[in-house]
Peer 1: 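First the structure, then my questions, so here it is.
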Amino acid sequence: MNHQTPITQKKIAAINDLSGYGRCALTVAIPVISHMRLQCCPVPTSILSNHTGYSEYFFDDYSDRLPAYISMWKKLDLHFDGIMSGFLGSKEQIGIVEDFIRQFATEDTKVIVDPVMGDHGKIAGTYTEEMCMEMRRLVSLADIITPNLTEACRLTDTPYRETGWKEKELLSMAEQLNEMGPEQIVITGIPKGQFIANFVYEKGTEHGMIRTHKVGDERCGTGDLFAAIVAADAVNGVPFRESVRKASVFVRKSMVKSIERGIDRKNGVCFEEILHTLKV
């Protein structure tokens with residue numbers, strides 16, 4: 001009788017906050033990564049009743065408990081095929097994620113960092129100059145990063161403007177980000193008339209724009225949805241450009257469905273309605 005070694009299920013450690021209501025961060029990552037046939041192992045940086053886009057919310061910072069949480073994983077000798085991080089609320093949390101990557105990442109681990117720092121040319125009020133510098137250090141440990149236009153400008157000290165970006169300017173920013181460490185970069189949310197573009201850069205291959213038609217107004221959680229798909233695809237071995245295109249199209253379809261269902265903007269996108277159509 002031939003005894004075959006069982007194929008173990010791959011795992012992603014997802015480091016982000018947990019908002020009970022509003023479809024963002026871990027409440028997006030867990031179902032999407034699970035649908036894509038990976039085990040999603042959450043590392044909650046904070047617990048919120050609902051995300052901060054609402055006028056009121058309960059908030060519990062988990063920073064002081066994270067070291068013990070992570071230490072137990074280390075004690076149990078757990079291993080991960082992917083590590084992804086999203087919004088981080090303090091310098092301490094950025095440092096904790098950096099330590100996590102150094103402890104758990106191997107040569108085969110895909111590290112994905114979504115440097116959630118701000119949008120529309122403005123850095124989040126919680127972000128200090130020191131945190132911006134720490135985020136550059138964290139980015140240097142990543143294989144893949146998914147900054148929006150604002151974040152890419154901030155990380156590279158490039159003056160921000162809303163429109164009029166030429167491909168050679170985006171390439172220059174991507175090359176600067178590549179020099180920090182990550183070899184696969186997508187700069188998201190670039191306005192191009194009736195389109196929203198993502199600029200895809202992969203060291204040693206062609207670069208370029210992927211465009212999708214604009215749909216409705218902006219909604220929370222779309223960046224988290226995009227990053228979760230890219231992270232899962234990276235662990236599953238999907239080519240980067242193909243993954244970015246898939247994520248872009250799925251986010252747009254989720255926006256369309258949310259408008260059809262009359263979902264409040266603060267409640268994000270109802271991706272659950274079409275998750276079964278997302279190819280693995």
Side-chain angles (χ1 to χ4, degrees), residues 11-20 22 24-30 40-54 56-80 82-106 109-119 122-148 150-157 177 180-182 220-221 223-224 227-228 231:
K11 304 173 182 67
I12 291 182
I15 309 169
N16 213 329
D17 61 81
L18 177 63
S19 294
C24 64
L26 286 175
T27 52
V28 170
I30 293 170
C40 185
C41 306
V43 182
T45 56
S46 58
I47 309 295
L48 297 93
S49 56
N50 43 280
H51 66 70
T52 58
Y54 289 87
E56 295 180 287
Y57 49 87
F58 165 83
F59 173 80
D60 183 21
D61 188 342
Y62 214 59
S63 298
D64 61 345
R65 280 154 283 183
L66 279 174
Y69 185 110
I70 295 167
S71 178
M72 184 56 67
W73 280 11
K74 193 65 179 176
K75 182 178 179 181
L76 294 171
D77 194 29
L78 302 184
H79 300 275
F80 302 97
I83 298 170
M84 65 176 294
S85 70
F87 176 76
L88 300 170
S90 66
K91 174 191 171 185
E92 289 73 25
Q93 287 191 352
I94 297 174
I96 288 168
V97 176
E98 184 178 347
D99 290 342
F100 186 97
I101 293 169
R102 295 189 187 280
Q103 287 185 69
F104 289 95
T106 68
T109 307
K110 290 290 185 181
V111 178
I112 302 94
V113 171
D114 184 9
V116 184
M117 302 166 69
D119 205 356
K122 297 180 180 179
I123 297 301
T126 57
Y127 255 77
T128 63
E129 180 63 28
E130 191 174 18
M131 285 178 68
C132 290
M133 297 304 294
E134 288 294 310
M135 182 55 72
R136 288 183 181 180
R137 286 181 52 184
L138 184 60
V139 160
S140 73
L141 300 178
D143 299 300
I144 299 171
I145 59 171
T146 60
N148 63 26
T150 297
E151 293 151 358
C153 286
R154 184 64 185 83
L155 288 167
T156 60
D157 290 327
L177 292 167
M180 295 178 187
C220 71
D224 299 314

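Being a predicted model, the structure only gives us computed values, none of them experimental.
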Peer 1: Between Arg65 and Asp60, does a side-chain contact (heavy atoms from CB on, under 4.5 Å) hold up when you go through it step by step?
Peer 2: CA-CA 11 Å; Arg65 280 154 283 183; Asp60 183 21; 3.1 Å; yes
Peer 1: Indicate yes or no: does Asp99 engage Lys74 in a salt bridge with an N to O separation below 4.0 Å.
Peer 2: no
Peer 1: What verdict does the side-chain contact (heavy atoms from CB on, under 4.5 Å) test give for Phe87 and Asp17, after you've listed the backbone C-alpha separation in whole Å, the side-chain angles of each residue and the deciding distance to 0.1 Å?
Peer 2: CA-CA 7 Å; Phe87 176 76; Asp17 61 81; 3.9 Å; yes
Peer 1: Run Lys91 and Thr128 through side-chain contact (heavy atoms from CB on, under 4.5 Å) and show every step you take.
Peer 2: CA-CA 9 Å; Lys91 174 191 171 185; Thr128 63; 5.8 Å; no
Peer 1: When rounded to the nearest 0.5 angstrom, what is the spacing between CD1 in Ile96 and CG in Leu138?
Peer 2: 12.0 Å
Peer 1: At what distance, to the nearest 0.5 angstrom, does CD of Glu134 lie from CG of Leu88?
Peer 2: 11.0 Å
Peer 1: Do any N or O atoms from the side chain of Asn148 and from the backbone of Gly118 form a donor-acceptor pair under 3.5 angstrom?
Peer 2: yes
Peer 1: Taking all atoms of both residues into account, what is the closest heavy-atom pair of Asp61 and Asp64, and its distance?
Peer 2: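 Shortest heavy-atom separation between Asp61 and Asp64 comes out as O-OD1, 4.0 Å.
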Peer 1: If every non-hydrogen atom of His51 is compared with every non-hydrogen atom of Cys24, which pair is closest and at what distance?
Peer 2: CB-SG, 3.7 Å
Peer 1: Measure the spacing between CD1 of Ile112 and CG of Asp143 and express it to the nearest 0.5 Å.
Peer 2: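 One finds 7.0 Å between CD1 of Ile112 and CG of Asp143.
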Peer 1: Which atoms form the tightest heavy-atom contact between Tyr69 and Pro42, and what is the distance?
Peer 2: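 Result for this residue pair: OH-O, 2.5 Å.
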Peer 1: Does Arg154 come within less than 4.0 Å of Glu129, counting only side-chain N to carboxylate O?
Peer 2: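 A salt bridge is present here (some side-chain N lies under 4.0 Å from a carboxylate O).
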Peer 1: Compare every heavy atom of Leu155 with every heavy atom of Arg136, then report the nearest pair and how far apart it is.
Peer 2: NE-O, 3.1 Å
Peer 1: Taking atom CZ as the centre, does Arg137 end up with more than 12 heavy-atom neighbours from other residues, nucleotides or ligands that are less than 6.0 angstrom away?
Peer 2: no
Peer 1: I'd like to know if the side chain of Asp114 reaches the main chain of Gly86, judged simply by a donor and an acceptor atom lying under 3.5 Å from each other, with no hydrogens or angles considered.
Peer 2: no
Peer 1: To the nearest 0.5 Å, tell me how far Ile47 CD1 sits from Thr45 OG1.
Peer 2: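 So the CD1 of Ile47 and the OG1 of Thr45 are separated by 8.0 Å.
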Peer 1: For Val113 versus Val139, what's the shortest heavy-atom pair and its separation?
Peer 2: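 The pair with the smallest heavy-atom distance is CG1-CG2, 4.4 Å.
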Peer 1: Which heavy atom in Ala152 sits nearest to a heavy atom in Pro147, and how many Å separate them?
Peer 2: N-CB, 3.9 Å
Peer 1: As an exercise, state the distance from OG of Ser85 to CD of Gln93, rounded to the nearest 0.5 Å.
Peer 2: 10.5 Å
Peer 1: Atom CD1 in Ile30, atom SG in Cys41: separation rounded to 0.5 Å?
Peer 2: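 Reported to 0.5 Å precision, the distance equals 9.5 Å.
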Peer 1: Can you establish whether the number of heavy atoms outside Tyr57 located under 6.0 Å from its atom OH is more than 12?
Peer 2: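 Atom OH in Tyr57 is not crowded, with 12 or fewer foreign heavy atoms closer than 6.0 Å.
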Peer 1: Return the orientation label for the Trp73 and Phe80 ring planes: parallel under 30°, perpendicular over 60°, tilted otherwise.
Peer 2: tilted
